[in-house]
Amino acid sequence: MASFRVMVGVKRVIDYAVKIRVKPDKMGVVTEGVKHSMNPFDEIAIEEAVRLKEKKLASEIVAVSCGPKQCQETIRTALAMGADRGIHVDMSTAEFEASTPLQISKILAKLAKEEDINLIILGKQAIDGDYNQTGQMTAAHLDWPQGTFVSELTPENDKLKIVREIDGGLENICIKTPAVVTADLRLNEPRYATLPNIMKAKKKPIATKTPADLGVDIASSVETISVEDPPTREAGQKVEDVDQLIAKLKEAGVV
Ligand code: AMP
């Protein structure tokens with residue numbers, strides 16, 4: 001029976017419930033004083049890793065977060081959910097904001113080698129940059145198979161049976177490990193960390209490294225030209241009945 005050494009990427013992002021505000025200079029969004037949380041797909045990735053460990057299919061779970069020092073809180077959440085230890089890859093806020101999946105995937109690939117990992121579970125997408133690239137790029141750097149948009153993951157010896165969510169249906173594949181998988185929404189429902197587990201997590205180790213320690217150049221290859229608010233929607237109109245609705249639609253040339 002396989003025993004996976006699992007690495008999970010946990011990105012600290014602006015909480016999904018926060019209303020995003022563009023900075024006055026239009027070069028990014030306001031992050032200061034704004035509630036941050038673990039990227040929701042990364043909670044699903046951690047949950048899947050913990051379930052593998054509970055089934056004795058994983059021997060260790062390492063939670064990795066790249067970004068400023070507050071990422072340690074995100075790692076603590078992962079530890080409280082059941083990860084064994086954390087690695088914080090320290091980047092300044094400016095470096096983090098300028099980073100793209102190219103830099104992050106190089107870091108994750110390097111760490112996977114250093115830590116002798118044979119299964120990487122990431123979220124399918126981070127809800128801030130919406131790239132949906134880090135898993136794919138990490139697999140490419142390592143030359144490992146990948147299973148993306150995963151809604152079911154079943155280890156079979158050293159292979160993984162995977163159900164992928166694709167347009168209009170599901171795809172069943174089987175990949176060899178070591179591998180990279182990315183979690184989709186329906187993979188599982190992440191648990192809440194219980195108070196005793198939050199207390200226990202305080203004692204779990206978090207190592208800190210820099211991209212330079214890993215030999216990764218994090219200079220961004222992408223220049224932000226401007227960030228714009230979405231266009232504001234015009235106010236709607238209330239209609240009394242169906243006849244009035246049809247009249248309005250005719251007026252607007254829709255029917
Ligand atoms: P993305 O390609 O940016 O949409 O991110 C996909 C996934 O890669 C996320 O759900 C995380 O699992 C992982 N990831 C992206 N950025 C980071 C980061 N700064 N630290 C840790 N994991 C990350």
Side-chain angles (χ1 to χ4, degrees), residues 6-16 28-29 31 36-50 61-79 81 83 85-112 114-115 117 119-142 144 146-151 153 164-165 179-188 190 206-211 213-214 216 218 220-222 224:
V6 189
M7 188 171 93
V8 183
V10 291
K11 187 175 187 187
R12 176 178 181 267
V13 296
I14 294 181
D15 188 87
Y16 70 93
V29 300
T31 54
H36 282 69
S37 310
M38 186 189 299
N39 181 45
F41 293 107
D42 303 354
E43 290 182 357
I44 299 173
I46 283 284
E47 175 67 34
E48 198 62 20
V50 174
I61 305 168
V62 185
V64 177
S65 193
C66 314
K69 64 173 186 312
Q70 296 93 319
C71 290
Q72 298 206 2
E73 291 159 25
T74 315
I75 296 174
R76 283 282 167 223
T77 306
L79 298 178
M81 286 174 73
R85 61 189 173 92
I87 301 177
H88 170 218
V89 180
D90 197 10
M91 297 162 79
S92 69
T93 300
E95 287 167 340
F96 173 64
E97 286 178 1
S99 70
T100 65
L102 184 59
Q103 292 79 39
I104 303 299
S105 59
K106 283 183 185 165
I107 291 172
L108 296 179
K110 199 68 195 281
L111 279 174
E114 274 192 5
E115 301 290 333
I117 296 297
L119 177 60
I120 300 180
I121 311 182
L122 304 180
K124 74 161 178 183
Q125 190 166 356
I127 61 165
D128 52 0
D130 271 350
Y131 282 110
N132 171 15
Q133 292 172 1
T134 307
Q136 295 87 331
M137 287 188 181
T138 307
H141 293 309
L142 291 162
W144 288 1
Q146 59 182 289
T148 49
F149 310 105
V150 173
S151 62
L153 180 74
R164 301 183 62 230
E165 301 217 2
V180 178
V181 300
T182 70
D184 213 320
L185 197 61
R186 275 164 281 269
L187 181 58
N188 60 51
I206 300 180
T208 300
K209 300 198 172 197
T210 64
D213 294 338
L214 299 164
V216 176
I218 52 162
S220 182
S221 46
V222 177
T224 302

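Counting starts at 1 for both ligands and their atoms, following the listed order.
For L122, heavy-atom contacts with ligand 1 shorter than 4.0 Å involve the backbone as well as the side chain. Using a 4.0 Å cut-off between heavy atoms, T134 contacts ligand 1 through both its backbone and its side chain. Residue V64 touches ligand 1 through its backbone alone, judged by heavy-atom distances below 4.0 Å. Counting heavy atoms closer than 4.0 Å to ligand 1, residue V10 contributes backbone atoms (N, CA, C, O) but none from C-beta onward. Of all the heavy atoms of F41, none lies under 4.0 Å from any atom of ligand 1, so neither backbone nor side chain is involved.
Each of E43, E47, E48 was checked for a side-chain hydrogen bond (donor to acceptor under 3.5 Å, both in side chains) with N188, and the lone residue meeting it is E48. Shown are T138, V216, T134; of these, the side chain to side chain contact (heavy atoms under 4.5 Å, CB included) with I104 is made only by T134.
We find the CD-CZ distance between Q70 and F96 to be 9.5 Å, quoted to the nearest 0.5 Å. Rounded to the nearest 0.5 Å, atoms CG (D184) and CG (L153) are 13.0 Å apart. Here the CG atom belonging to D42 is positioned 9.5 Å from the OG1 atom belonging to T74, to the nearest 0.5 angstrom. For the atom pair CE (M38) and CZ (R76), the distance works out to 12.5 Å, reported to the nearest 0.5 Å. Atom SG of residue C66 and atom CD1 of residue I218 lie 9.5 Å apart, to the nearest 0.5 angstrom. Atom CG in D128 sits 10.5 Å away from atom CZ in R12 (nearest 0.5 Å).
When only non-hydrogen protein atoms are considered, atom 16 (N) of ligand 1 lies nearest to K11 CD, 3.4 Å. If you check which protein heavy atom lies closest to atom 20 (N) of ligand 1, you get C66 N, 3.0 Å. Counting only heavy atoms of the protein, atom 10 (O) of ligand 1 lies nearest to D42 OD1, 2.5 Å.
Each of the following atoms of ligand 1 lies closer than 4.0 Å to a heavy atom of F96: 19 (N). When each atom of ligand 1 is checked for a heavy atom of N132 under 4.0 Å away, the hits are 1 (P), 2 (O), 4 (O). In summary, the atoms of ligand 1 found under 4.0 Å from a heavy atom of I104, numbered by their order in the structure, are 16 (N), 17 (C), 18 (C), 19 (N), 23 (C). Near Y131, meaning under 4.0 Å from one of its heavy atoms, ligand 1 places the atoms 1 (P), 2 (O), 3 (O), 4 (O).
Considering backbone and side-chain atoms alike, Q133 places an N or O below 3.5 Å from some N or O of ligand 1. Taking any N or O of D130, backbone or side chain, none lies under 3.5 Å from an N or O belonging to ligand 1. Among the atoms of G123, some N or O lies under 3.5 angstrom from an N or O of ligand 1. Below 3.5 Å of separation, one finds an N or O of N39 facing an N or O of ligand 1. Below 3.5 Å of separation, one finds an N or O of A126 facing an N or O of ligand 1.
In plain terms, the two heavy atoms of C71 and S65 that are nearest each other are CB-OG, 3.5 Å. Listed here is the closest heavy atom pair of K110 and L214: NZ-O, 2.8 Å.
Two residues are said to be in side-chain contact when any heavy atoms from C-beta on lie closer than 4.5 Å; T148 and K124 fail this criterion.
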